[in-house]
Structure formats: structure tokens, C-alpha cells
Amino acid sequence: MSRVRVEIEGRQLEVSNLDKVLFPEVGFSKAQVIDYYVRIAPVLLPHVARRPCTFTRWPNGVDGASFFAKNNARNAPAWVQHVTVPAPGSTKKDREELDMVLLSAVPDLAWSANLAALELHVPQWRVDDDGVPQLPDLLVLDLDPGPGTGVVECAAVARRLRERLLADGLDPVVKTSGSKGLQVYAPISCADAEHPSRYAKDLAQDLSRETPDEVVWRMEKVLRPGKVLVDWSQNNTAKTTVAPYSLRARAGATVSTPVAWDELDGPLVFDTAAVLDRVAELGDLFDLGEPAELP
């Protein structure tokens, strides 16, 4: 195993196997993964700040086995911030608490990329300066196309969601999932942790009632052919969604990419080079405004 010691913003980090190809279809190596995360850091870090991060690691590339890493701070360098949070229900059989990483600086991203943590997933809530989980500050609606549908149908549903959210006083933004669908977000304030799930579920059910041949709100796969799933369940505080600007473990090394609303008619697949060019030209299109109270 080849190892190299590097310095990034004053932090010493040992990286390994830089020439290992993690995306064989496009010949994208670990060195390129690290380089992408270092270069995209100025716009990515604000969106993961104080959000406990779950990694999806692919040590042998996207054609190999993968695993989720939530309790991921144990082997982190001393300079990587971490926080102890209650384990979600599905994890409590193993432990009551998780020691999770907070990605807050460029060296942190280089460290996680060196672990082949290709995807970064975060919750819709943050911790405060004392590490205490706060109420959700984001609403998310994940649009997942069923068989026979694609991003065009997702875009139509995203526009309908935007109209509803604007009417409720919210300020939505949209990004690609980096896979097949889209994700609509809005900054919020809320009265209790379950409020976003209730609101999102009601919204998904409303859209499904209006156009039952186009939209489904229930998860059963048998219901989904020819329809877009409006997945409201990602607002559960135990769940996470892929972070803006995160790579996805897909063949083309695609990225979960913020887009402008008027871009929904165009191609919506972006690789790392395209995303870096977009940020240089357009800045951060996931520029969240002030939170609005959730109805």
C-alpha cells in the first residue's frame, strides 16, 4: 500500500493508494476524488457545518462492496471535530450513542475522501456549540422517478412543489440527487421535531390526490411504475440525505448538484468538472435564504 504524507491548511495527513481507480467507467481515481472535495470545499462546507455526517464508503470503488459509516469518529485525526448524538432506532440494538464526525474544514474533507467516503449524507438538523441536537432547520422533499419516468417528470413535480411552498411563505431551492431524481429543500423554523414530517406528508398526499396517475406518496414499489414518488419521509430526524455537492457512487462520478429553477428543462447530469465550472461561474446556487416558520 503506497502512502504519502501531505499538508493541507497546516494539517498533516497521510493519504494512500492515490492511483486506485474508484470510478472505473470514467477512470476516476482516489487522487481525483480528494482533489474534487478540496476544491469544492468553499461551497460544500457551509451546507454540512454542524450536521453529523454519515459516510458511504467504497474502498474498492463503485463496482465493489460498500458500507455506511455513522460511528465514524473513532479513527479520525485529533483535529477533526466530532459530536456524540443519540443513536437512531434502527441502530440502538448495537449502541445507545454514536460518535459522529462534523466536517468543518478542508483537511476534514481530504481525510474523509482518503477513506473512499464517496458520498456524504447529513440530517436536516444541526447541533449547537455544545453538541446538542437542535430542531430541524431544513425541509426536504425527495423526488424519485418510478419505472417509466425520469427527470422530466420529476421536474414537473418539483415546479408544483415550488408553487405550494412559495404560497406557504417558504423559499425553496432545488438540486439533483446525483442519481435519477431531484430534491427540493426550504429553510424552516418549526415548533417540534415531527412538524416537518407531518407537513411534508400532507403536501405529498395533496399532490398525489390531485394527479394520482403522476404522483405517489406511499413507498411500495408496486405503486410506483409511471409515477414520481414524493418521498416525505426524509424529514424524520433519524434520516439523512446526500449533501449538496457530494459525489454519488454512480458510474459517471456524478454530483448532487444545485440548479436554478429555470434549468429544470435542460440536462441535469453533472460530473465533478462541470460542477466546479458551474460554481466558478454561478457561485452557490444552494444559497439558502432566511428560514420561514413552517405552517
Side-chain angles (χ1 to χ4, degrees), residues 6-11 13 15 18 20-23 25-58 61-62 66 69 72 76-77 79-81 101-124 126 138 140 173-179 181-183 185 187 240-260 263 267-288:
V6 298
E7 182 175 316
I8 302 175
E9 294 191 350
R11 302 295 190 186
L13 177 67
V15 295
L18 293 178
K20 178 181 281 189
V21 175
L22 299 181
F23 294 87
E25 184 177 274
V26 290
F28 204 75
S29 69
K30 185 195 277 191
Q32 290 172 290
V33 170
I34 295 172
D35 178 70
Y36 168 72
Y37 273 118
V38 168
R39 294 172 64 191
I40 204 65
V43 289
L44 187 158
L45 286 172
H47 300 304
V48 299
R50 301 207 316 274
R51 299 187 193 275
C53 191
T54 298
F55 301 152
T56 59
R57 294 180 56 186
W58 302 74
V62 298
S66 66
N72 49 20
W79 37 263
V80 174
Q81 295 183 17
V101 161
L102 299 175
L103 298 174
S104 57
V106 175
D108 305 350
L109 289 174
W111 165 73
S112 63
N114 183 60
L115 298 177
L118 300 183
E119 297 185 359
L120 308 175
H121 295 250
V122 291
Q124 315 317 316
R126 300 178 187 262
L138 286 176
V140 61
V173 293
V174 62
K175 68 180 178 73
T176 72
S177 69
S179 181
L182 297 172
Q183 295 167 337
Y185 286 76
T240 61
T241 52
V242 67
Y245 303 106
S246 171
L247 274 165
R248 297 309 306 269
R250 303 293 184 267
T254 54
V255 174
S256 181
T257 309
V259 295
E263 290 186 283
L268 292 173
V269 178
F270 305 96
D271 62 14
T272 56
V275 169
L276 288 166
D277 287 345
R278 284 171 59 84
V279 169
E281 178 184 357
L282 304 172
D284 182 13
L285 293 179
F286 209 76
D287 186 13
L288 298 170

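Heads up: numbering here begins at 1 and tracks the sequence. Remember, it's a predicted structure, so these values are computed and weren't measured experimentally. Atoms considered below: every heavy atom in the structure, side chains included; atoms not considered: hydrogens, waters and symmetry mates.
- Within the 4.5 Å cutoff, the side chain of Pro46 has no heavy atoms near those of the Phe286 side chain.
- In this structure, the side chains of Leu247 and Glu119 stay at 4.5 Å or more apart for every pair of heavy atoms.
- Scanning all heavy atoms of the two residues, the minimum distance from Ser104 to Leu45 falls at C-CD2, 4.0 Å.
- For the residue pair Thr272/Gln32, the side-chain donor-acceptor check at 3.5 Å is not satisfied.
- Note that CH2 of Trp111 and CD1 of Ile34 are 12.5 Å apart. Values are rounded to the nearest 0.5 Å.
- When side chains are defined from C-beta on, Tyr245 counts as touching Tyr36, because their heavy atoms get closer than 4.5 Å.
- Here the closest non-hydrogen pair linking Ala113 and Val33 is CB-CG1, 4.0 Å.
- At a threshold of 4.5 Å between non-hydrogen side-chain atoms, the residues Phe28 and Asp271 do not count as touching.
- From Glu9, atom CD reaches atom CH2 of Trp79 across 10.0 Å, with rounding to the nearest 0.5 Å.
- We find the CG-OH distance between Leu44 and Tyr37 to be 7.0 Å, quoted to the nearest 0.5 Å.
- Side-chain atoms of Lys30 come within 3.5 Å of backbone N or O of Asn114 as a donor-acceptor pair.
- Residues Leu103 and Cys53 share a closest heavy-atom pair of CD1-SG, 3.7 Å.
- For the pair Ala260 and Leu285, the tightest heavy-atom approach, listed with the atom from each and the gap, is N-CD1, 3.7 Å.
- Looking at Leu118 and Arg248, their side chains never come closer than 4.5 Å, going by heavy atoms from C-beta outward.
- More than 12 non-hydrogen atoms from other residues, nucleotides or ligands lie less than 6.0 angstrom from CZ of Arg50.
- The distance from the CZ atom of Arg278 to the CG atom of Asp284 is 11.0 Å, given to the nearest 0.5 Å.
- Asp108 approaches Leu102 most closely through the heavy-atom pair OD2-O, 3.8 Å.
- Side-chain contact between Gln183 and Thr176 is absent, with no heavy atoms from C-beta onward closer than 4.5 Å.
- Put simply, the side chain of Glu263 does not reach to within 4.5 Å of the side chain of Val174, judged on heavy atoms.
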- Item | Stepwise side chain to side chain contact (heavy atoms under 4.5 Å, CB included) check, Val242 with Lys175 | CA-CA 10 Å; Val242 67; Lys175 68 180 178 73; 3.6 Å; yes

- Verdict with supporting geometry, Ser29 and Phe23, side chain to side chain contact (heavy atoms under 4.5 Å, CB included): CA-CA 7 Å; Ser29 69; Phe23 294 87; over 6 Å; no

- Query: Taking it one step at a time, do Leu288 and Val173 satisfy side chain to side chain contact (heavy atoms under 4.5 Å, CB included)?
  - Reply: CA-CA 7 Å; Leu288 298 170; Val173 293; 3.6 Å; yes

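- Under a 3.5 Å cut-off, the side chain of Arg57 and the backbone N or O of Ala69 do not form any donor-acceptor pair.
- Every residue was checked against the side chain to side chain donor-acceptor pair (under 3.5 Å) condition with Thr257, not counting sequence neighbours, and none meets it.
- In this structure the side chain of Ile40 reaches within 4.5 angstrom of the side chain of Leu276, judged on heavy atoms.
- We find the CZ-CZ distance between Arg126 and Arg51 to be 4.0 Å, quoted to the nearest 0.5 Å.
- Thr241 contributes atom OG1, which lies 8.0 Å from atom CG of Leu138 (distance to the nearest 0.5 angstrom).
- Residues Gln124 and Thr240 share a closest heavy-atom pair of NE2-C, 4.4 Å.
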